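Notes follow the structure.
Nothing fancy with the numbering, it's 1 onward along the sequence. It should be emphasised that the depicted structure is a prediction, and the values quoted were computed from it without experimental measurement.
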Amino acid sequence: MQSLDRGLAVIRAFDADHQRLTLSEVADRTGLTRAAARRFLHTLRGLGYVSLEGRQFFLRPRLLELGYSYLSTLSIPQLAAPHIEQLACVAGESVSISVLDGSDVVYVARIASRRIMSVDLSVGTRLPAYVTSMGRVLLAALPSSEVDQHLGDLVRRTERTLTDRARLLAELQKVREQGWAVVDEELEDGLRSLAVPVHDSLDQVVAALNISTVAPRAAVETFVAEQLARLLKTAAAISAAVQEQTRVTARPAGFGL
């Protein structure tokens with residue numbers, strides 16, 4: 001661990017104001033002995049991260065691999081965070097992202113503008129997919145042959161809950177065709193939500209994004225008219241971030257440099 005720490009210290013010795021350094025300067029800036037600084041510099045040179053010209057060492061573009069390695073590990077919640085924060089501010093409503101796990105949706109990111117459910121929703125919360133707008137978006141993205149195994153037991157949660165299997169499958173087909181889902185007081189009385197998909201670079205649905213509100217605030221049609229365009233725009237931005245992450249991950253080592 002000490003060697004790793006010292007090696008990173010040598011890398012950090014270089015910056016915008018110190019792009020080229022001699023061995024002595026590296027030793028001074030890191031507090032290492034000349035012998036230790038020489039050893040680390042030549043190791044980094046052998047790995048392709050540092051070059052030597054005359055008596056001066058300088059960083060090589062290959063060092064960018066380390067930064068790309070970090071970018072490639074960013075998760076959907078991290079990539080989506082700034083986008084859902086902005087959407088929640090503009091829409092004035094709660095915004096969430098979830099993924100499908102079996103017959104449930106699992107919340108992986110959420111900005112709550114107010115408490116609108118009896119259950120306190122947070123990251124990690126699980127809800128039945130069939131009765132949520134995000135769940136229906138995710139279910140609709142599955143091959144038809146796989147949908148049934150992800151429905152689970154269709155339990156009535158409110159008077160409006162859709163529990164008839166045939167009608168639910170027809171609703172999922174509608175969601176598949178229009179590209180969004182709205183659920184009105186089926187999960188809980190007074191709760192309405194609108195969801196759209198998030199896509200990866202292969203155009204596969206990898207998550208769902210929704211806006212939820214209190215049902216009496218406006219008619220369903222008004223809610224959709226006001227929020228759908230905002231939701232689609234934000235989902236497109238998150239999808240673009242996910243797709244960029246994929247390109248970074250797929251970039252070959254060395255980047256041809």
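Between atom CG of residue Leu228 and atom NZ of residue Lys233 there is a gap of 13.5 Å, rounded to the nearest 0.5 Å. Rounding to the nearest 0.5 Å gives a distance of 9.0 Å between NE2 of His83 and CD1 of Ile97. The OG atom of Ser144 sits 11.5 Å away from the CG atom of Leu139 when rounded to the nearest 0.5 Å. To the nearest 0.5 Å, the span separating CG on Leu209 from OG on Ser133 amounts to 9.5 Å. Taken to the nearest 0.5 Å, the CG atom of Leu202 stands 9.0 Å off from the CD atom of Gln243. The SG atom of Cys89 lies 13.0 Å from the CD1 atom of Ile84; values are rounded to the nearest 0.5 Å.
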For this session: Begin with the C-alpha distance, continue with both residues' side-chain angles, and end with the deciding distance and a verdict on side-chain contact (heavy atoms from CB on, under 4.5 Å) for Gln227 and Glu93.
Result: CA-CA 10 Å; Gln227 306 292 9; Glu93 302 288 0; 3.9 Å; yes
Problem set entry | Derivation and outcome, side-chain contact (heavy atoms from CB on, under 4.5 Å), residues Ile238 and Thr234 | CA-CA 6 Å; Ile238 296 171; Thr234 301; 4.0 Å; yes
For this session: Check the pair Phe223 / Arg192 against side-chain contact (heavy atoms from CB on, under 4.5 Å), numbers first and verdict last.
Result: CA-CA 9 Å; Phe223 176 56; Arg192 178 180 296 150; 3.4 Å; yes
Problem set entry | Derivation and outcome, side-chain contact (heavy atoms from CB on, under 4.5 Å), residues Leu191 and Val214 | CA-CA 5 Å; Leu191 177 67; Val214 177; over 6 Å; no
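Within the 4.5 Å cutoff, no side-chain heavy atoms of Val108 are placed close to those of Ser98. Contact annotation: the side chain of Leu79 approaches that of Val242 to within less than 4.5 Å [non-hydrogen atoms, C-beta and beyond]. Annotation: side chain of Arg136 is not in contact with side chain of Val105 (no heavy-atom distance under 4.5 Å). Between Leu142 and His150 the shortest side-chain heavy-atom distance falls below 4.5 Å. Looking at Leu87 and Ile211, their side chains come closer than 4.5 Å, going by heavy atoms from C-beta outward. Residues Arg110 and Val95 have side chains not in contact (no heavy-atom distance under 4.5 Å, counting atoms from C-beta outward). With contacts defined as side-chain heavy-atom distances shorter than 4.5 Å, the pair Val206/Val99 does not qualify. Between Tyr49 and Arg62, some side-chain heavy-atom pair lies under the 4.5 Å cut-off.
Linking ILVMFWY side-chain heavy atoms closer than 4.5 Å, directly or via other members, places Leu52 and Leu63 in a single hydrophobic cluster. There is no path of hydrophobic side-chain contacts, each under 4.5 Å, that joins Phe58 to Leu23. Note on Leu21: it clusters hydrophobically with Leu47, by side-chain heavy-atom contacts below 4.5 Å among ILVMFWY residues. No single ILVMFWY cluster, assembled from side-chain heavy atoms under 4.5 Å apart, contains both Leu194 and Val137.
Around CD of Glu185, the count of heavy atoms belonging to other residues, nucleotides or ligands within 6.0 Å exceeds 12. In this structure, Arg55 places its CZ atom where only 12 or fewer heavy-atom neighbours from other residues, nucleotides or ligands lie under 6.0 Å away. Glu159 CD: 12 or fewer foreign heavy atoms inside a 6.0 Å radius.
Gln56 is linked by a side-chain contact (heavy atoms from CB on, under 4.5 Å) to Arg20, Thr22, counting only residues two or more places apart in sequence or in another chain.
In terms of heavy-atom proximity, Ser51 sits nearest to Arg60 at OG-CD, 2.6 Å. Contact record, Leu151 with Leu154: O-CD2, 3.9 Å, taken as the closest heavy-atom pair. Taking both residues in full, the closest heavy atoms of Thr161 and Tyr130 are given as CG2-CE1, 4.1 Å, listed atom of the first, atom of the second, then distance.
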Between side-chain atoms of residues 168-183 and protein atoms elsewhere (two or more places apart, or another chain), which donor-acceptor pairs fall under 3.5 Å?
residue : atom : partner : partner atom : Å
Gln173  : OE1  : Arg176  : NH1          : 2.5
Gln173  : NE2  : Glu177  : OE2          : 2.9
Arg176  : NE   : Ala140  : O            : 2.7
Arg176  : NH2  : Ala140  : O            : 3.3
Gln178  : NE2  : Trp180  : O            : 2.8

Counting only pairs under 3.5 Å, give me each side-chain donor-acceptor contact of residues 32-45, with atom names and distances, residues two or more places apart or in other chains.
residue : atom : partner : partner atom : Å
Thr33   : OG1  : Ala36   : N            : 3.1
Arg34   : NH1  : Ser24   : OG           : 2.4
Thr43   : OG1  : Arg39   : O            : 2.9

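No donor-acceptor contact under 3.5 angstrom links the side chains of Ser193 and Ser212, judged on distance only.
With hydrogens and angles ignored, the 3.5 Å screen pairs a side-chain donor or acceptor of Asp164 with a backbone N or O of Ala166.
A salt bridge is defined here as a Lys NZ or Arg NE, NH1 or NH2 lying under 4.0 Å from an Asp or Glu carboxylate O, and Arg29 with Asp15 meets this definition. The existence of a salt bridge linking Arg160 and Asp189 is excluded, since no basic side-chain nitrogen approaches an acidic carboxylate oxygen closer than 4.0 Å.
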